[in-house]
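Scroll down for the structure; my scribbles are underneath it.
To find a chain, count down the sequence lines: A is the first, B the second, and so on, and within it residues start at 1.
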Protein chains: 2
Amino acid sequence: MSQNIKTDGTSRRSIGARQNPDTESAILDAALDLLLTKGPKGLTMDAVARKAKAGKATIYRWWPTRGALLLAIYGRIKGPHAHADTGQLETDISAFFDHVFAFWQGDAGRVFAQIIAQAQGDAEVAEALRQYRCDRIDDWLVVLKRADARGELSNDIAPEQIAEVIIALAWQHLLIDRLDAKGADLARIVASGILKGR
Amino acid sequence: MSQNIKTDGTSRRSIGARQNPDTESAILDAALDLLLTKGPKGLTMDAVARKAKAGKATIYRWWPTRGALLLAIYGRIKGPHAHADTGQLETDISAFFDHVFAFWQGDAGRVFAQIIAQAQGDAEVAEALRQYRCDRIDDWLVVLKRADARGELSNDIAPEQIAEVIIALAWQHLLIDRLDAKGADLARIVASGILKGR
DNA sequence: TACCTAACGAAACGAATCGTTCATATAGAT
DNA sequence: ATCTATATGAACGATTCGTTTCGTTAGGTA
(Lines give C-alpha, C1' and ligand atoms only; values in the text may rest on other atoms or scores of the structure.)
Protein backbone atom coordinates (compact mmCIF):
# COMPACT_ATOMS: atom_id res chain seq x y z
CA MET A 1 0.00 0.00 0.00
CA SER A 2 1.76 3.12 -1.18
CA GLN A 3 -0.20 6.28 -0.67
CA ASN A 4 2.30 8.88 0.46
CA ILE A 5 3.79 10.56 -2.59
CA LYS A 6 5.78 13.59 -1.60
CA THR A 7 5.09 16.67 -3.73
CA ASP A 8 7.61 18.97 -2.11
CA GLY A 9 9.22 19.77 -5.45
CA THR A 10 12.74 18.82 -4.39
CA SER A 11 12.69 15.39 -5.99
CA ARG A 12 12.93 14.76 -9.66
CA ARG A 13 9.64 13.97 -11.29
CA SER A 14 8.57 12.47 -14.53
CA ILE A 15 8.86 14.87 -17.45
CA GLY A 16 6.32 12.94 -19.44
CA ALA A 17 6.56 9.96 -21.69
CA ARG A 18 10.32 10.22 -22.24
CA GLN A 19 13.47 9.60 -20.29
CA ASN A 20 14.48 12.34 -17.92
CA PRO A 21 18.08 13.36 -18.72
CA ASP A 22 18.55 14.61 -15.18
CA THR A 23 17.57 11.22 -13.87
CA GLU A 24 19.98 9.49 -16.23
CA SER A 25 22.81 11.78 -15.15
CA ALA A 26 22.05 11.34 -11.49
CA ILE A 27 21.98 7.56 -11.76
CA LEU A 28 25.17 7.23 -13.80
CA ASP A 29 26.98 9.74 -11.62
CA ALA A 30 25.93 7.85 -8.53
CA ALA A 31 26.97 4.52 -10.03
CA LEU A 32 30.39 5.82 -11.03
CA ASP A 33 30.97 7.38 -7.64
CA LEU A 34 29.99 4.21 -5.83
CA LEU A 35 32.24 2.10 -8.03
CA LEU A 36 35.22 4.36 -7.44
CA THR A 37 34.74 4.93 -3.73
CA LYS A 38 33.24 1.67 -2.49
CA GLY A 39 34.68 -0.68 -5.09
CA PRO A 40 32.83 -3.18 -7.23
CA LYS A 41 30.98 -4.66 -4.27
CA GLY A 42 29.62 -1.25 -3.41
CA LEU A 43 27.96 -0.88 -6.79
CA THR A 44 24.57 -2.32 -5.89
CA MET A 45 21.27 -1.37 -7.45
CA ASP A 46 19.91 -0.39 -4.05
CA ALA A 47 22.86 1.84 -3.29
CA VAL A 48 22.69 3.52 -6.69
CA ALA A 49 18.98 4.18 -6.22
CA ARG A 50 19.54 5.61 -2.74
CA LYS A 51 22.44 7.85 -3.81
CA ALA A 52 20.73 9.05 -6.98
CA LYS A 53 17.42 9.48 -5.16
CA ALA A 54 15.81 7.44 -7.88
CA GLY A 55 13.47 4.48 -7.85
CA LYS A 56 14.92 1.08 -8.54
CA ALA A 57 12.17 0.64 -11.10
CA THR A 58 13.65 3.52 -13.06
CA ILE A 59 17.11 2.00 -13.00
CA TYR A 60 15.94 -1.42 -14.09
CA ARG A 61 13.89 0.11 -16.87
CA TRP A 62 16.95 1.58 -18.59
CA TRP A 63 19.80 -0.62 -17.38
CA PRO A 64 18.36 -4.05 -16.70
CA THR A 65 21.63 -5.53 -15.43
CA ARG A 66 24.74 -4.56 -13.57
CA GLY A 67 26.66 -5.09 -16.79
CA ALA A 68 24.52 -2.62 -18.70
CA LEU A 69 25.16 -0.07 -16.00
CA LEU A 70 28.92 -0.63 -16.22
CA LEU A 71 28.90 -0.20 -19.98
CA ALA A 72 26.89 3.00 -19.66
CA ILE A 73 29.34 4.36 -17.12
CA TYR A 74 32.32 3.65 -19.36
CA GLY A 75 30.58 5.08 -22.41
CA ARG A 76 30.06 8.27 -20.47
CA ILE A 77 33.67 8.80 -19.42
CA LYS A 78 35.65 7.53 -22.38
CA GLY A 79 36.80 10.09 -24.89
CA PRO A 80 37.68 9.79 -28.58
CA HIS A 81 40.40 7.37 -29.58
CA ALA A 82 42.79 9.55 -31.48
CA HIS A 83 46.02 7.92 -32.54
CA ALA A 84 49.12 9.99 -32.94
CA ASP A 85 50.73 10.06 -36.37
CA THR A 86 54.40 10.58 -35.75
CA GLY A 87 55.54 9.26 -39.11
CA GLN A 88 57.09 6.19 -37.54
CA LEU A 89 55.24 3.12 -36.28
CA GLU A 90 57.29 2.47 -33.17
CA THR A 91 56.79 5.97 -31.84
CA ASP A 92 53.09 5.78 -32.71
CA ILE A 93 52.85 2.68 -30.56
CA SER A 94 54.87 4.26 -27.78
CA ALA A 95 52.62 7.31 -27.76
CA PHE A 96 49.55 5.11 -27.62
CA PHE A 97 50.72 3.27 -24.53
CA ASP A 98 51.60 6.49 -22.75
CA HIS A 99 48.25 8.00 -23.66
CA VAL A 100 46.06 5.07 -22.68
CA PHE A 101 47.96 4.45 -19.44
CA ALA A 102 47.50 8.07 -18.44
CA PHE A 103 43.82 7.85 -19.31
CA TRP A 104 43.37 4.65 -17.32
CA GLN A 105 45.13 6.09 -14.31
CA GLY A 106 42.05 8.25 -13.85
CA ASP A 107 38.59 6.88 -13.24
CA ALA A 108 38.38 5.05 -16.54
CA GLY A 109 40.89 2.38 -15.66
CA ARG A 110 38.96 1.02 -12.74
CA VAL A 111 35.76 1.07 -14.73
CA PHE A 112 37.27 -0.70 -17.71
CA ALA A 113 38.88 -3.30 -15.48
CA GLN A 114 35.47 -3.96 -13.98
CA ILE A 115 34.01 -4.43 -17.43
CA ILE A 116 36.65 -7.02 -18.24
CA ALA A 117 35.91 -8.72 -14.94
CA GLN A 118 32.17 -8.64 -15.47
CA ALA A 119 32.63 -10.07 -18.96
CA GLN A 120 33.99 -13.27 -17.41
CA GLY A 121 30.50 -14.37 -16.50
CA ASP A 122 28.09 -12.02 -18.26
CA ALA A 123 27.54 -12.85 -21.93
CA GLU A 124 26.08 -9.44 -22.69
CA VAL A 125 29.10 -7.61 -21.34
CA ALA A 126 31.41 -10.12 -22.99
CA GLU A 127 29.87 -9.40 -26.38
CA ALA A 128 30.05 -5.64 -25.85
CA LEU A 129 33.69 -5.95 -24.81
CA ARG A 130 34.47 -8.08 -27.83
CA GLN A 131 32.91 -5.47 -30.11
CA TYR A 132 34.74 -2.66 -28.37
CA ARG A 133 38.01 -4.50 -28.80
CA CYS A 134 37.31 -5.04 -32.49
CA ASP A 135 36.72 -1.32 -32.90
CA ARG A 136 40.03 -0.56 -31.28
CA ILE A 137 41.73 -3.10 -33.58
CA ASP A 138 40.18 -1.34 -36.54
CA ASP A 139 41.63 1.92 -35.27
CA TRP A 140 45.04 0.31 -35.30
CA LEU A 141 44.60 -1.07 -38.81
CA VAL A 142 44.46 2.49 -40.08
CA VAL A 143 47.72 3.31 -38.37
CA LEU A 144 49.29 0.10 -39.59
CA LYS A 145 48.20 0.74 -43.14
CA ARG A 146 50.07 4.01 -43.04
CA ALA A 147 53.13 2.24 -41.70
CA ASP A 148 52.89 -0.38 -44.41
CA ALA A 149 52.69 2.34 -47.08
CA ARG A 150 55.98 3.63 -45.69
CA GLY A 151 57.43 0.14 -46.06
CA GLU A 152 57.83 -0.40 -42.33
CA LEU A 153 55.97 -3.68 -41.92
CA SER A 154 57.35 -7.17 -42.19
CA ASN A 155 55.48 -9.10 -44.84
CA ASP A 156 54.75 -12.25 -42.88
CA ILE A 157 52.79 -10.79 -39.96
CA ALA A 158 49.10 -9.95 -40.34
CA PRO A 159 48.22 -6.39 -39.24
CA GLU A 160 45.37 -7.76 -37.12
CA GLN A 161 47.89 -9.76 -35.11
CA ILE A 162 50.00 -6.69 -34.53
CA ALA A 163 47.02 -4.82 -33.16
CA GLU A 164 46.13 -7.75 -30.93
CA VAL A 165 49.56 -7.78 -29.36
CA ILE A 166 49.40 -4.07 -28.61
CA ILE A 167 45.97 -4.40 -27.02
CA ALA A 168 46.99 -7.47 -25.06
CA LEU A 169 49.89 -5.55 -23.54
CA ALA A 170 47.67 -2.62 -22.65
CA TRP A 171 45.08 -4.82 -20.95
CA GLN A 172 47.74 -6.75 -19.08
CA HIS A 173 49.14 -3.61 -17.53
CA LEU A 174 45.68 -2.48 -16.55
CA LEU A 175 44.72 -5.79 -14.98
CA ILE A 176 47.83 -6.10 -12.85
CA ASP A 177 47.93 -2.41 -11.95
CA ARG A 178 51.13 -1.61 -13.78
CA LEU A 179 50.03 1.54 -15.52
CA ASP A 180 53.35 3.18 -14.71
CA ALA A 181 55.13 1.28 -17.47
CA LYS A 182 57.02 3.23 -20.11
CA GLY A 183 55.35 3.15 -23.49
CA ALA A 184 58.71 3.25 -25.24
CA ASP A 185 59.81 0.00 -23.59
CA LEU A 186 56.68 -1.81 -24.68
CA ALA A 187 56.78 -0.33 -28.16
CA ARG A 188 60.36 -1.41 -28.72
CA ILE A 189 59.73 -5.07 -28.05
CA VAL A 190 56.57 -5.14 -30.15
CA ALA A 191 58.27 -3.42 -33.05
CA SER A 192 61.64 -5.12 -33.06
CA GLY A 193 60.98 -8.55 -31.68
CA ILE A 194 63.30 -10.33 -29.35
CA LEU A 195 65.57 -12.24 -31.70
CA LYS A 196 69.02 -11.10 -32.63
CA GLY A 197 69.36 -10.04 -36.23
CA ARG A 198 66.08 -10.17 -38.16
CA MET B 1 17.27 -23.76 18.84
CA SER B 2 18.93 -26.73 17.22
CA GLN B 3 18.10 -30.02 18.79
CA ASN B 4 17.71 -32.46 15.92
CA ILE B 5 21.14 -33.85 15.12
CA LYS B 6 20.94 -36.71 12.69
CA THR B 7 23.11 -39.63 13.68
CA ASP B 8 22.37 -41.82 10.69
CA GLY B 9 26.06 -42.19 9.94
CA THR B 10 25.76 -41.03 6.35
CA SER B 11 27.03 -37.52 6.95
CA ARG B 12 30.63 -36.63 7.52
CA ARG B 13 31.48 -35.95 11.10
CA SER B 14 34.38 -34.43 12.90
CA ILE B 15 37.40 -36.68 13.01
CA GLY B 16 38.70 -34.88 16.07
CA ALA B 17 40.65 -31.71 16.53
CA ARG B 18 42.00 -31.56 12.98
CA GLN B 19 40.69 -30.77 9.51
CA ASN B 20 38.79 -33.56 7.85
CA PRO B 21 40.33 -34.15 4.39
CA ASP B 22 37.06 -35.59 3.14
CA THR B 23 35.32 -32.39 4.09
CA GLU B 24 37.92 -30.32 2.27
CA SER B 25 37.54 -32.44 -0.83
CA ALA B 26 33.76 -32.31 -0.76
CA ILE B 27 33.73 -28.53 -0.39
CA LEU B 28 36.27 -27.82 -3.13
CA ASP B 29 34.64 -30.33 -5.47
CA ALA B 30 31.27 -28.74 -4.88
CA ALA B 31 32.67 -25.25 -5.40
CA LEU B 32 34.37 -26.20 -8.66
CA ASP B 33 31.27 -27.93 -9.96
CA LEU B 34 29.07 -24.98 -9.11
CA LEU B 35 31.46 -22.56 -10.79
CA LEU B 36 31.58 -24.62 -13.97
CA THR B 37 27.89 -25.47 -14.21
CA LYS B 38 26.16 -22.42 -12.74
CA GLY B 39 28.78 -19.82 -13.56
CA PRO B 40 30.36 -17.32 -11.19
CA LYS B 41 27.03 -16.19 -9.81
CA GLY B 42 26.20 -19.76 -8.87
CA LEU B 43 29.27 -19.99 -6.63
CA THR B 44 27.65 -18.90 -3.39
CA MET B 45 28.67 -19.99 0.08
CA ASP B 46 25.18 -21.30 0.74
CA ALA B 47 25.13 -23.34 -2.45
CA VAL B 48 28.56 -24.79 -1.75
CA ALA B 49 27.48 -25.78 1.74
CA ARG B 50 24.29 -27.40 0.47
CA LYS B 51 26.03 -29.31 -2.32
CA ALA B 52 28.90 -30.44 -0.12
CA LYS B 53 26.56 -31.23 2.77
CA ALA B 54 28.82 -29.14 4.95
CA GLY B 55 28.14 -26.38 7.42
CA LYS B 56 28.82 -22.85 6.36
CA ALA B 57 30.82 -22.42 9.53
CA THR B 58 33.20 -25.07 8.27
CA ILE B 59 33.66 -23.31 4.96
CA TYR B 60 34.27 -19.93 6.55
CA ARG B 61 36.71 -21.48 8.96
CA TRP B 62 39.07 -22.58 6.18
CA TRP B 63 38.23 -20.22 3.31
CA PRO B 64 37.06 -16.95 4.79
CA THR B 65 36.32 -15.28 1.45
CA ARG B 66 35.11 -16.11 -1.99
CA GLY B 67 38.57 -15.26 -3.28
CA ALA B 68 40.24 -17.76 -1.00
CA LEU B 69 37.87 -20.42 -2.28
CA LEU B 70 38.71 -19.55 -5.89
CA LEU B 71 42.43 -19.74 -5.23
CA ALA B 72 42.01 -23.09 -3.51
CA ILE B 73 40.05 -24.44 -6.46
CA TYR B 74 42.70 -23.35 -8.93
CA GLY B 75 45.50 -24.71 -6.78
CA ARG B 76 43.75 -28.05 -6.82
CA ILE B 77 43.39 -28.37 -10.60
CA LYS B 78 46.54 -26.79 -11.93
CA GLY B 79 49.35 -29.09 -12.78
CA PRO B 80 53.11 -28.51 -12.97
CA HIS B 81 54.38 -25.85 -15.35
CA ALA B 82 56.81 -27.75 -17.51
CA HIS B 83 58.26 -25.81 -20.41
CA ALA B 84 59.32 -27.62 -23.54
CA ASP B 85 62.98 -27.38 -24.52
CA THR B 86 63.02 -27.66 -28.26
CA GLY B 87 66.40 -26.07 -28.72
CA GLN B 88 64.89 -23.01 -30.34
CA LEU B 89 63.15 -20.16 -28.57
CA GLU B 90 60.39 -19.55 -31.08
CA THR B 91 59.25 -23.15 -31.02
CA ASP B 92 59.46 -23.15 -27.21
CA ILE B 93 57.08 -20.22 -27.17
CA SER B 94 54.81 -21.81 -29.72
CA ALA B 95 54.64 -25.03 -27.71
CA PHE B 96 53.83 -23.05 -24.57
CA PHE B 97 50.85 -21.32 -26.15
CA ASP B 98 49.47 -24.57 -27.52
CA HIS B 99 49.93 -26.26 -24.15
CA VAL B 100 48.38 -23.58 -22.00
CA PHE B 101 45.48 -22.99 -24.37
CA ALA B 102 44.66 -26.71 -24.33
CA PHE B 103 44.88 -26.70 -20.54
CA TRP B 104 42.63 -23.67 -20.25
CA GLN B 105 40.06 -25.16 -22.58
CA GLY B 106 39.29 -27.58 -19.78
CA ASP B 107 38.00 -26.51 -16.39
CA ALA B 108 41.06 -24.48 -15.49
CA GLY B 109 40.42 -21.71 -17.97
CA ARG B 110 37.12 -20.68 -16.50
CA VAL B 111 38.55 -20.83 -12.99
CA PHE B 112 41.61 -18.77 -13.85
CA ALA B 113 39.49 -16.20 -15.67
CA GLN B 114 37.38 -15.88 -12.55
CA ILE B 115 40.50 -15.31 -10.48
CA ILE B 116 41.56 -12.48 -12.77
CA ALA B 117 38.07 -11.06 -12.51
CA GLN B 118 37.96 -11.36 -8.75
CA ALA B 119 41.37 -9.71 -8.50
CA GLN B 120 39.85 -6.51 -9.92
CA GLY B 121 38.27 -5.76 -6.58
CA ASP B 122 39.77 -8.15 -4.04
CA ALA B 123 43.21 -7.14 -2.81
CA GLU B 124 43.97 -10.60 -1.45
CA VAL B 125 43.29 -12.29 -4.77
CA ALA B 126 45.12 -9.51 -6.59
CA GLU B 127 48.23 -10.12 -4.53
CA ALA B 128 48.03 -13.89 -5.05
CA LEU B 129 47.59 -13.38 -8.77
CA ARG B 130 50.53 -11.00 -8.89
CA GLN B 131 52.70 -13.55 -7.13
CA TYR B 132 51.52 -16.35 -9.40
CA ARG B 133 52.34 -14.24 -12.44
CA CYS B 134 55.82 -13.52 -11.07
CA ASP B 135 56.39 -17.25 -10.65
CA ARG B 136 55.41 -17.87 -14.26
CA ILE B 137 57.76 -15.08 -15.36
CA ASP B 138 60.54 -16.75 -13.43
CA ASP B 139 59.78 -19.98 -15.27
CA TRP B 140 60.27 -18.13 -18.51
CA LEU B 141 63.53 -16.58 -17.40
CA VAL B 142 65.02 -20.07 -17.26
CA VAL B 143 63.95 -20.76 -20.81
CA LEU B 144 65.17 -17.36 -21.96
CA LYS B 145 68.54 -17.86 -20.32
CA ARG B 146 68.97 -21.01 -22.37
CA ALA B 147 68.04 -19.09 -25.50
CA ASP B 148 70.50 -16.34 -24.63
CA ALA B 149 73.24 -18.90 -24.15
CA ARG B 150 72.54 -20.04 -27.70
CA GLY B 151 72.91 -16.44 -28.84
CA GLU B 152 69.26 -16.11 -29.83
CA LEU B 153 68.33 -13.01 -27.90
CA SER B 154 68.56 -9.42 -28.98
CA ASN B 155 70.71 -7.45 -26.58
CA ASP B 156 68.46 -4.48 -26.03
CA ILE B 157 65.37 -6.25 -24.67
CA ALA B 158 65.17 -7.32 -21.04
CA PRO B 159 64.20 -10.99 -20.56
CA GLU B 160 61.53 -9.96 -18.05
CA GLN B 161 59.85 -7.92 -20.75
CA ILE B 162 59.83 -10.85 -23.11
CA ALA B 163 58.13 -13.01 -20.53
CA GLU B 164 55.59 -10.29 -19.86
CA VAL B 165 54.62 -10.10 -23.51
CA ILE B 166 54.12 -13.86 -23.70
CA ILE B 167 51.96 -13.88 -20.59
CA ALA B 168 49.99 -10.86 -21.75
CA LEU B 169 49.11 -12.66 -24.97
CA ALA B 170 48.08 -15.80 -23.12
CA TRP B 171 45.82 -13.89 -20.72
CA GLN B 172 44.30 -11.89 -23.54
CA HIS B 173 43.22 -15.02 -25.40
CA LEU B 174 41.76 -16.46 -22.21
CA LEU B 175 39.83 -13.32 -21.34
CA ILE B 176 38.23 -12.90 -24.75
CA ASP B 177 37.61 -16.61 -25.24
CA ARG B 178 40.02 -17.08 -28.11
CA LEU B 179 41.78 -20.22 -26.93
CA ASP B 180 41.66 -21.64 -30.42
CA ALA B 181 44.52 -19.44 -31.59
CA LYS B 182 47.56 -21.09 -33.11
CA GLY B 183 50.60 -20.95 -30.87
CA ALA B 184 52.89 -20.69 -33.88
CA ASP B 185 51.23 -17.48 -35.05
CA LEU B 186 51.64 -15.84 -31.67
CA ALA B 187 55.20 -17.10 -31.27
CA ARG B 188 56.26 -15.73 -34.63
CA ILE B 189 55.24 -12.17 -33.90
CA VAL B 190 56.76 -12.20 -30.42
CA ALA B 191 60.02 -13.61 -31.69
CA SER B 192 60.48 -11.70 -34.91
CA GLY B 193 58.75 -8.42 -34.29
CA ILE B 194 56.75 -6.61 -36.88
CA LEU B 195 59.28 -4.39 -38.58
CA LYS B 196 60.89 -5.22 -41.88
CA GLY B 197 64.56 -6.07 -41.63
CA ARG B 198 65.90 -5.97 -38.09
C1' DT C 1 40.89 -43.52 31.97
C1' DA C 2 39.29 -38.87 32.20
C1' DC C 3 39.39 -34.54 30.71
C1' DC C 4 40.39 -30.69 27.20
C1' DT C 5 40.26 -28.99 22.78
C1' DA C 6 39.02 -28.44 18.12
C1' DA C 7 36.45 -29.72 13.92
C1' DC C 8 32.09 -30.97 12.13
C1' DG C 9 26.92 -30.62 10.41
C1' DA C 10 22.79 -28.39 11.26
C1' DA C 11 20.01 -24.67 12.13
C1' DA C 12 18.89 -20.08 12.97
C1' DC C 13 19.85 -15.17 13.15
C1' DG C 14 19.72 -10.07 11.42
C1' DA C 15 21.25 -7.47 7.68
C1' DA C 16 21.63 -6.59 2.95
C1' DT C 17 20.59 -7.17 -1.89
C1' DC C 18 17.98 -8.90 -5.45
C1' DG C 19 14.41 -8.21 -9.15
C1' DT C 20 9.58 -7.15 -9.33
C1' DT C 21 5.13 -5.00 -8.58
C1' DC C 22 2.05 -1.37 -7.31
C1' DA C 23 -0.17 3.23 -6.99
C1' DT C 24 0.37 7.81 -8.08
C1' DA C 25 2.21 11.87 -10.44
C1' DT C 26 3.60 14.04 -14.56
C1' DA C 27 3.60 15.58 -19.32
C1' DG C 28 4.19 14.67 -24.35
C1' DA C 29 1.41 12.74 -28.28
C1' DT C 30 -2.80 12.13 -30.74
C1' DA D 1 -9.65 15.59 -23.79
C1' DT D 2 -7.76 11.22 -23.88
C1' DC D 3 -4.05 8.04 -24.38
C1' DT D 4 0.46 6.62 -23.53
C1' DA D 5 4.83 6.38 -21.52
C1' DT D 6 7.90 7.74 -17.92
C1' DA D 7 9.54 8.71 -12.83
C1' DT D 8 9.04 7.87 -8.25
C1' DG D 9 8.70 5.82 -3.43
C1' DA D 10 7.29 1.97 -1.18
C1' DA D 11 6.78 -2.57 -0.31
C1' DC D 12 7.12 -7.51 -1.38
C1' DG D 13 9.18 -12.43 -1.19
C1' DA D 14 13.32 -14.69 -2.15
C1' DT D 15 18.17 -15.23 -1.69
C1' DT D 16 22.72 -14.58 0.10
C1' DC D 17 25.66 -12.88 3.42
C1' DG D 18 28.65 -13.67 7.55
C1' DT D 19 28.03 -15.05 12.25
C1' DT D 20 26.52 -17.63 16.13
C1' DT D 21 24.87 -21.51 18.78
C1' DC D 22 24.19 -26.29 19.62
C1' DG D 23 25.22 -31.12 20.12
C1' DT D 24 28.39 -34.58 18.31
C1' DT D 25 32.77 -36.59 17.26
C1' DA D 26 37.38 -37.90 18.13
C1' DG D 27 42.44 -36.75 18.63
C1' DG D 28 45.71 -35.02 22.32
C1' DT D 29 47.21 -34.78 27.02
C1' DA D 30 47.66 -35.72 31.79
Check whether any side-chain nitrogen or oxygen of B:Arg61 sits under 4.0 Å from OP1 or OP2 of C:dA7, and answer yes or no.
yes

d(CH2, B:Trp63; P, C:dA7) in whole Å:
12 Å

Consider the side chain of A:Arg50, meaning its heavy atoms from C-beta on, and name the nucleotide among C:dT17, C:dT26, C:dG9 that approaches it most closely.
C:dT17

Quick note, B:Ser14 side chain, CB onward, closest among D:dC17, D:dT6, C:dA7 is C:dA7

Return no unless some side-chain N or O of B:Thr58 is found under 4.0 Å from OP1 or OP2 of C:dA7.
no

So, does B:Trp62 get its side chain near the phosphate of C:dA7, meaning an N or O under 4.0 Å from OP1 or OP2?
no

Listed nucleotide nearest any side-chain atom of A:Thr23, set D:dA7, C:dG9, C:dG19:
D:dA7

Mind checking the CE-CD1 spacing from B:Met45 to B:Ile27? Nearest 0.5 Å is all I need.
10.0 Å

Starting at CG of B:Asn20 and ending at P of C:dG9, how long is that distance when rounded to a whole Å?
7 Å

Roughly how many Å is it from CD1 in B:Ile15 to P in C:dG9, rounded to a whole number?
11 Å

Salt-bridged, A:Asp33 to A:Lys51, with N to O below 4.0 Å?
yes

NZ/NE/NH1/NH2 to OD/OE distance under 4.0 Å, B:Arg188 and B:Asp185:
yes

Whole-Å distance separating the CG atom of A:Asp46 from the P atom of D:dA14:
18 Å

Nearest-nucleotide check on DNA chain D, B:Arg66 vs A:Lys56; residue mapping nearer the 5' end is A:Lys56

So, is B:Arg12 close to the C:dG9 phosphate, meaning a side-chain N or O under 4.0 Å from OP1 or OP2?
yes

Without decimals, in angstroms, what is the distance between A:Arg18 CZ and D:dT8 P?
13 Å

Could you work out which one of D:dA7, D:dT25, D:dT8 sits closest to the side chain of A:Gln19?
D:dA7

Of C:dT20, D:dG18, C:dT17, the nucleotide closest to the side chain of A:Tyr60 is C:dT20

Which residue lies more 5' along DNA chain D, comparing B:Leu43 with A:Ala49 via nearest heavy atoms:
A:Ala49

Check: residues 77-84 of chain A side-chain donor-acceptor pairs under 3.5 Å, at least two apart:
{"residue": "A:His81", "atom": "NE2", "partner": "A:Tyr132", "partner atom": "OH", "Å": "3.2"}

Give the rounded distance in Å between these two atoms: NZ of B:Lys41 and P of D:dC17.
12 Å

Indicate yes or no: does B:Asp148 engage B:Lys145 in a salt bridge with an N to O separation below 4.0 Å.
no

Tell me which nucleotide among C:dA6, C:dC8, D:dC17 gets nearest to the side chain of B:Met45.
D:dC17

Starting at NZ of B:Lys53 and ending at C1' of C:dA7, how long is that distance when rounded to a whole Å?
20 Å

In whole Å, I'd like the distance from the CD1 atom of A:Ile59 to the P atom of D:dG9.
10 Å

Under a 4.0 Å threshold between the charged nitrogen and the carboxylate oxygen, would B:Arg76 count as salt-bridged to B:Asp29?
yes

Contact class for A:Ala57 (heavy atom, under 4.0 Å): base, sugar-phosphate, or nothing?
base

